[in-house]
**Q** 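First, the structure itself, so that you have it in front of you.
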Protein chains: 2
Amino acid sequence: MNQALSPHAKHYPTPTVMVDIVIFTVEDELLKVLLVKRGIEPFLGHYALPGGAVRIAQDACLEDAARRELIEETGVANTYLEQLYTYGNAQRDPRGWTVSVAYFALVAASEVQLKAGSDAAEARWHSIFGNQVGLLLAFDHAHILQEAIERLRSKLDYTDIAVHLLAQEFTLGEFQHVYEIIMQEKLNKSSFRQRVDRAGIVEPIAGKMRTGANRPAQLYRFVSSEGKRVFFPRSIAWAESKHQRNP
Amino acid sequence: MNQALSPHAKHYPTPTVMVDIVIFTVEDELLKVLLVKRGIEPFLGHYALPGGAVRIAQDACLEDAARRELIEETGVANTYLEQLYTYGNAQRDPRGWTVSVAYFALVAASEVQLKAGSDAAEARWHSIFGNQVGLLLAFDHAHILQEAIERLRSKLDYTDIAVHLLAQEFTLGEFQHVYEIIMQEKLNKSSFRQRVDRAGIVEPIAGKMRTGANRPAQLYRFVSSEGKRVFFPRSIAWAESKHQRNP
DNA sequence: GTAATAGTGTCTCTTAGACAATATGCC
DNA sequence: GGCATATTGTCTAAGAGACACTATTAC
């Protein structure tokens with residue numbers, strides 16, 4: 001049933017190819033992921049990652065397919081999108097051998113316009129606690145989500161991707177706070193600022209401050225490094241080596 | 001032609017799924033990659049990465065397909081194998097929209113038994129200079145190879161995967177030398193030893209030494225960390241910050 | 001004034017890298 | 001002894017983390 005014939009040399013039947021996206025945002029002090037309620041079998045009524053079959057007539061490449069899904073669901077066209085991993089086996093879909101190329105995206109909550117996709121009854125943000133949402137997900141999506149969360153946490157450690165979870169203008173305090181929400185631990189303020197400063201990934205917006213019931217904070221904007229990710233020379237924190245001054 | 005119908009909801013035609021492997025070894029002071037000469041069209045007579053279509057009747061999952069190819073080509077069953085990236089678009093194969101899930105493997109030259117695969121006329125090691133071999137490769141395989149080399153170099157920086165390029169027993173000098181061959185630069189001896197020592201990734205084999213025209217060297221073996229990769233707290237060398245004591 | 005957050009400075013600790021000294025085999 | 005490589009030690013510098021201090025707004 002799932003074994004369409006391939007035109008290649010030996011005519012092996014080929015698996016169905018899907019693209020699924022783990023879309024993260026940070027909102028209300030929580031890391032959240034976008035999930036859609038399935039309107040069709042299998043797993044009718046269960047929540048799942050947004051995604052669908054690759055459409056070879058429309059999509060020039062896999063990333064285009066992922067970006068199409070991302071725009072359909074959130075309306076956000078230009079944001080951080082990265083291929084996560086490709087899952088393929090005979091068990092993950094009851095209909096047979098399938099391959100899912102999973103991507104993960106980071107969007108600023110303020111820029112998202114949720115629209116219900118054509119075959120998704122409902123698309124909603126779900127809070128992440130630990131390594132999961134408190135729901136049974138369709139297919140192996142709980143597993144994919146878990147690996148995406150691990151990848152996100154691991155990349156926060158040595159790259160600057162977290163800026164893509166923020167609005168265009170942000171304070172260093174907000175930037176640090178995003179780290180703290182996702183990593184679930186407090187960071188050192190001066191280390192964080194020094195690290196961000198040396199990496200040259202943000203620049204102050206002259207004369208722009210965020211005011212509130214406290215000292216106004218300088219607003220910054222992300223300095224695009226032309227596709228090149230910024231890496232930090234050291235991990236932001238290295239377990240086993242936390243020390244106190246007065247033990 | 002390439003658009004077999006998928007059994008899924010909207011019956012989109014689905015691309016062909018292939019698995020390709022970049023198999024690295026270090027031999028004769030050089031980083032090498034295994035390439036096979038294609039015996040069929042397209043790209044008949046060109047060199048290509050070992051690989052082929054996923055066989056959904058035989059392969060339980062994508063990694064099994066990759067491991068099957070690896071064993072067919074090298075005879076090596078248990079070694080380092082990691083998913084690299086998934087390439088999928090309409091242009092990479094003249095026959096139409098295809099998806100290739102690329103893996104990369106590290107093997108010890110001493111453990112390889114090259115066998116010509118069934119549809120590969122010739123399988124041979126090719127030396128890598130810079131980011132390429134001196135050959136025109138089939139499909140987008142030059143691009144895949146380049147990304148695999150980058151990934152390998154990048155991972156040497158913060159993981160211990162290079163041990164998989166060595167025989168079971170090796171000296172620290174040999175271990176360091178593998179790094180130097182791949183990274184194309186000399187490393188500091190005491191830093192290297194300190195780093196390897198602290199990471200606890202190798203252990204001396206009591207009473208076993210490698211002899212030659214010099215002081216005998218202690219032989220070590222890799223300490224398996226039960227599937228967990230070992231990460232180093234810092235990059236092995238961070239550009240822009242090289243300093244000399246007497247400038 | 002107080003509360004609250006912004007921003008800076010100082011000290012310590014870990015680890016990489018430069019460089020050198022010593023060790024030990026074979027010839 | 002001489003050569004070549006192994007192994008260890010000492011010093012410096014970069015950068016992370018602890019902690020504390022000052023700054024500036026709203027109230």
**Q** Figure out the CD/C1' separation between A:Gln194 and D:dA13, and round it to whole Å.
**A**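 Taking CD of A:Gln194 and C1' of D:dA13, I get 13 Å after rounding.
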**Q** With respect to A:Phe175, which candidate in A:Tyr220, A:Phe192, A:Phe222 satisfies the ring pair (Phe, Tyr, Trp, His ring centres under 6.0 Å) definition?
**A**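 Of the listed residues A:Tyr220, A:Phe192, A:Phe222, the ring pair (Phe, Tyr, Trp, His ring centres under 6.0 Å) partner of A:Phe175 is A:Phe192.
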**Q** Just how far, in rounded Å, is P of C:dT5 from NZ of A:Lys186?
**A**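 Between P of C:dT5 and NZ of A:Lys186: 9 Å.
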**Q** According to salt bridge (charged side-chain N to carboxylate O under 4.0 Å, His left out), does anything in residues 167-176 of chain A pair up with another residue at least two apart or in another chain? List the pairs.
**A**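 Qualifying pairs, neighbours excluded: A:Glu169-A:Lys208, A:Glu174-A:Arg210.
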**Q** Whole Å only: how far is the CE atom of A:Met209 from the P atom of D:dT24?
**A**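 In whole Å, D:dT24 P and A:Met209 CE are 10 Å from each other.
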**Q** Picking from C:dG7, D:dT7, C:dT24, which would you name as closest to the side chain of B:Pro216?
**A**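 The closest nucleotide is C:dT24.
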**Q** Go through D:dT25, D:dT7, C:dG17 for me and flag the one nearest to the A:Asn214 side chain.
**A**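 Looking only at side-chain atoms, A:Asn214 lies closest to D:dT25.
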**Q** Name every donor-acceptor pair, under 3.5 Å, that has one atom in a side chain of residues 27-35 of chain A and the other anywhere in the protein, sequence neighbours excluded.
**A**
residue	atom	partner	partner atom	Å
A:Glu27	OE1	A:Lys32	NZ	3.3
A:Glu29	OE1	A:His177	NE2	3.0
A:Glu29	OE2	A:His177	NE2	3.0

**Q** Measure the distance from CD on A:Glu180 to C1' on C:dT5 and round it to the nearest whole Å.
**A**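 About 13 Å, once rounded to whole Å.
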**Q** What's the CG-P distance between B:Leu219 and D:dT5, to the nearest Å?
**A**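 From B:Leu219 CG to D:dT5 P: 17 Å.
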**Q** Taking atom types as they are modelled, is there a donor-acceptor pair under 3.5 Å from the base of D:dA4 to the side chain of B:Arg215?
**A**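 No pair found.
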**Q** For the side chain of A:Ser190 and the base of D:dG17, is some donor closer than 3.5 Å to an acceptor across the two?
**A**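 Result: no qualifying N/O pair found.
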**Q** Taking atom types as they are modelled, is there a donor-acceptor pair under 3.5 Å from the base of D:dA18 to the side chain of A:Asn188?
**A**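 Checked by distance alone, the answer is yes.
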**Q** Measure from CG on A:Leu187 to P on C:dA6 and round the result to the nearest Å.
**A**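 After rounding, the reported distance stands at 14 Å.
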**Q** Rounded to the nearest angstrom, tell me the gap between atom CZ in A:Phe192 and atom C1' in C:dT8.
**A**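 A:Phe192 atom CZ is separated from C:dT8 atom C1' by 16 Å.
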**Q** What is the distance, rounded to the nearest whole Å, between atom NE2 of A:His177 and atom P of C:dA6?
**A**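 That distance rounds to 10 Å.
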**Q** Determine the contact category for A:Thr211: base if any of its heavy atoms lies under 4.0 Å from a base atom, sugar-phosphate if only primed atoms, P, OP1 or OP2 are that close, otherwise nothing.
**A**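 The answer is nothing, as A:Thr211 stays clear of every strand by at least 4.0 Å.
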**Q** Tell me yes or no: between the side chains of A:Arg195 and A:Asn188, is some donor less than 3.5 Å from an acceptor?
**A**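 Not at all, the side chains of A:Arg195 and A:Asn188 share no donor-acceptor pair under 3.5 Å.
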**Q** Please determine, by modelled atom types, if A:Glu147 and A:Tyr87 share a side-chain donor-acceptor pair under 3.5 angstrom.
**A**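 Side chains of A:Glu147 and A:Tyr87: pair found under 3.5 Å.
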**Q** Counting heavy atoms from C-beta on, name the nucleotide in D:dA16, C:dA4, C:dA6 closest to the side chain of A:Arg195.
**A**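 Of D:dA16, C:dA4, C:dA6, D:dA16 is nearest to the side chain of A:Arg195.
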**Q** For B:Arg193 and D:dT8, is the shortest distance between a side-chain N/O and OP1 or OP2 below 4.0 Å?
**A**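 Negative; the distance criterion is not met.
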**Q** Whether the side chain of A:Lys189 and the base of C:dT8 hold a donor-acceptor pair under 3.5 Å is what I'd like checked.
**A**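 It does not, because no donor-acceptor pair links the side chain of A:Lys189 to the base of C:dT8 below 3.5 Å.
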